[in-house]
Amino acid sequence: MSLATSYIILILAVILGVTSNSFAKSAEGFTLLFPSVITAITIVACMYALSMVMKNIPMGITYASFAGLTIIATVIVGIFRFDQIPNLYSIIGLAFIITGVLMVNLLGNN
């Protein structure tokens, strides 16, 4: 698998992670069947995708990228789907996360 393919699968893992997080919120503590099942399926698929990515990208870089991008994307979903607006300090923290993901991928992959 090429490096480009690995990054495409990483993006897929992020999408699956965000889907899992979103449905976990909708599952109301796993009391609702449909969102609970979707949460379980997407988190398993997400972990599988991450394991595939780790064949070509080091584990630390894979997970740092996955976690940071998933956090940012989950916040965006929270804004639009659940009307959860982050405050100033949250926005500053998210900017640090974005900076960290960029540093890990652009400068830390030697």
Side-chain angles (χ1 to χ4, degrees):
M1 171 177 3
S2 72
L3 190 60
T5 302
S6 294
Y7 276 103
I8 291 169
I9 295 172
L10 179 61
I11 296 301
L12 174 64
V14 169
I15 292 167
L16 289 165
V18 172
T19 303
S20 177
N21 292 337
S22 180
F23 276 94
K25 168 120 175 87
S26 299
E28 296 183 19
F30 292 101
T31 59
L32 299 175
L33 181 62
F34 179 73
S36 298
V37 169
I38 297 299
T39 299
I41 290 169
T42 54
I43 198 65
V44 169
C46 173
M47 291 297 117
Y48 176 75
L50 280 176
S51 74
M52 298 301 292
V53 172
M54 288 182 203
K55 290 181 178 181
N56 290 331
I57 302 173
M59 180 176 62
I61 292 172
T62 297
Y63 198 75
S65 301
F66 166 76
L69 293 171
T70 301
I71 290 167
I72 299 300
T74 299
V75 169
I76 292 168
V77 169
I79 290 169
F80 290 104
R81 184 162 180 218
F82 301 109
D83 199 31
Q84 299 173 338
I85 308 300
N87 64 21
L88 175 63
Y89 297 107
S90 297
I91 293 170
I92 292 169
L94 293 168
F96 282 133
I97 291 171
I98 293 168
T99 301
V101 169
L102 289 172
M103 288 179 68
V104 163
N105 281 282
L106 298 177
L107 304 174
N109 200 7
N110 295 337

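The first residue of the sequence shown is numbered 1, and numbering continues consecutively from there.
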Q: Decide whether Ile38 and Val14 are clustered together by the hydrophobic rule: side chain heavy atoms of Ile, Leu, Val, Met, Phe, Trp, Tyr closer than 4.5 Å, transitively.
A: no
Q: Any chance you could pull the hydrophobic cluster mates of Leu33, using side-chain heavy atoms under 4.5 angstrom and chaining through other members?
A: Val37, Ile41
Q: Are Met47 and Val44 connected in the hydrophobic side-chain network, where two residues link if heavy atoms are under 4.5 Å apart?
A: yes
Q: Locate the shortest heavy-atom distance separating Asn105 from Ser65; write the atom from each residue and the value.
A: ND2-OG, 2.6 Å
Q: Please determine whether the number of non-hydrogen atoms from other residues, nucleotides or ligands lying under 6.0 Å from atom CE of Met59 exceeds 12.
A: no
Q: Can you run down the ring-ring contact (aromatic ring centres under 6.0 Å, His included) pairs that involve residues 70-90, sequence neighbours left out, and say none if there aren't any?
A: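 Pairs touching residues 70-90 that pass the test: none.
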Q: For residues Asn56 and Ser6, report the shortest heavy-atom separation together with the two atoms involved.
A: ND2-OG, 2.9 Å
Q: Which atom names give the shortest non-hydrogen contact between Ala13 and Cys46, and what distance separates them?
A: O-SG, 3.3 Å
Q: Using the test side-chain contact (heavy atoms from CB on, under 4.5 Å), find all partners of Ile85 that sit at least two apart in sequence or belong to another chain.
A: Ile79, Asp83
Q: Which ILVMFWY residues can you reach from Leu16 by hopping between side chains whose heavy atoms are under 4.5 Å apart?
A: Leu12
Q: Suppose the criterion is ring-ring contact (aromatic ring centres under 6.0 Å, His included): which pairs have a residue in residues 20-64, not counting sequence neighbours?
A: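 Only Tyr63-Phe66 qualify under ring-ring contact (aromatic ring centres under 6.0 Å, His included).
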Q: Using the rule that two of Ile, Leu, Val, Met, Phe, Trp, Tyr join whenever any of their side-chain heavy atoms come within less than 4.5 Å, decide whether Ile91 and Leu69 are in one cluster.
A: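 Hydrophobic grouping puts Ile91 apart from Leu69.
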Q: Answer yes if Met103 and Ile92 sit in the same cluster of Ile, Leu, Val, Met, Phe, Trp and Tyr residues linked by side chain heavy atoms under 4.5 Å apart, and no otherwise.
A: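 Not linked; separate clusters.
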Q: To the nearest 0.5 Å, tell me how far Met52 CE sits from Met1 CE.
A: 4.0 Å
Q: Of all heavy-atom pairs between Asn87 and Ser90, which one has the smallest distance, and what is that distance?
A: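 The pair with the smallest heavy-atom distance is OD1-N, 2.8 Å.
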Q: List the atom of Val18, the atom of Thr70, and the distance in Å for their closest heavy-atom pair.
A: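 Heavy atoms of Val18 and Thr70 come nearest at CG2-O, 3.9 Å.
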Q: For the CD1 atom of Ile9 and the CG atom of Leu50, what is their distance to the nearest 0.5 Å?
A: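 Rounded to the nearest 0.5 Å, the CD1-CG separation comes out at 10.5 Å.
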Q: What pair of heavy atoms forms the shortest contact from Thr39 to Ala24, and how long is it?
A: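 That would be OG1-N, 3.1 Å.
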Q: Could you tell me if the side chain of Leu94 sits less than 4.5 Å from the side chain of Ile97, heavy atoms only?
A: yes
Q: Show every side-chain hydrogen bond (donor to acceptor under 3.5 Å, both in side chains) that has at least one partner inside residues 12-34, sequence neighbours left out.
A: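 Applying side-chain hydrogen bond (donor to acceptor under 3.5 Å, both in side chains) to every pair that reaches into residues 12-34, excluding sequence neighbours, yields Asn21-Thr74, Ser22-Arg81, Ser26-Arg81.
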Q: Linking I/L/V/M/F/W/Y whenever any side-chain heavy atoms sit under 4.5 Å apart, do Ile71 and Phe96 land together?
A: no
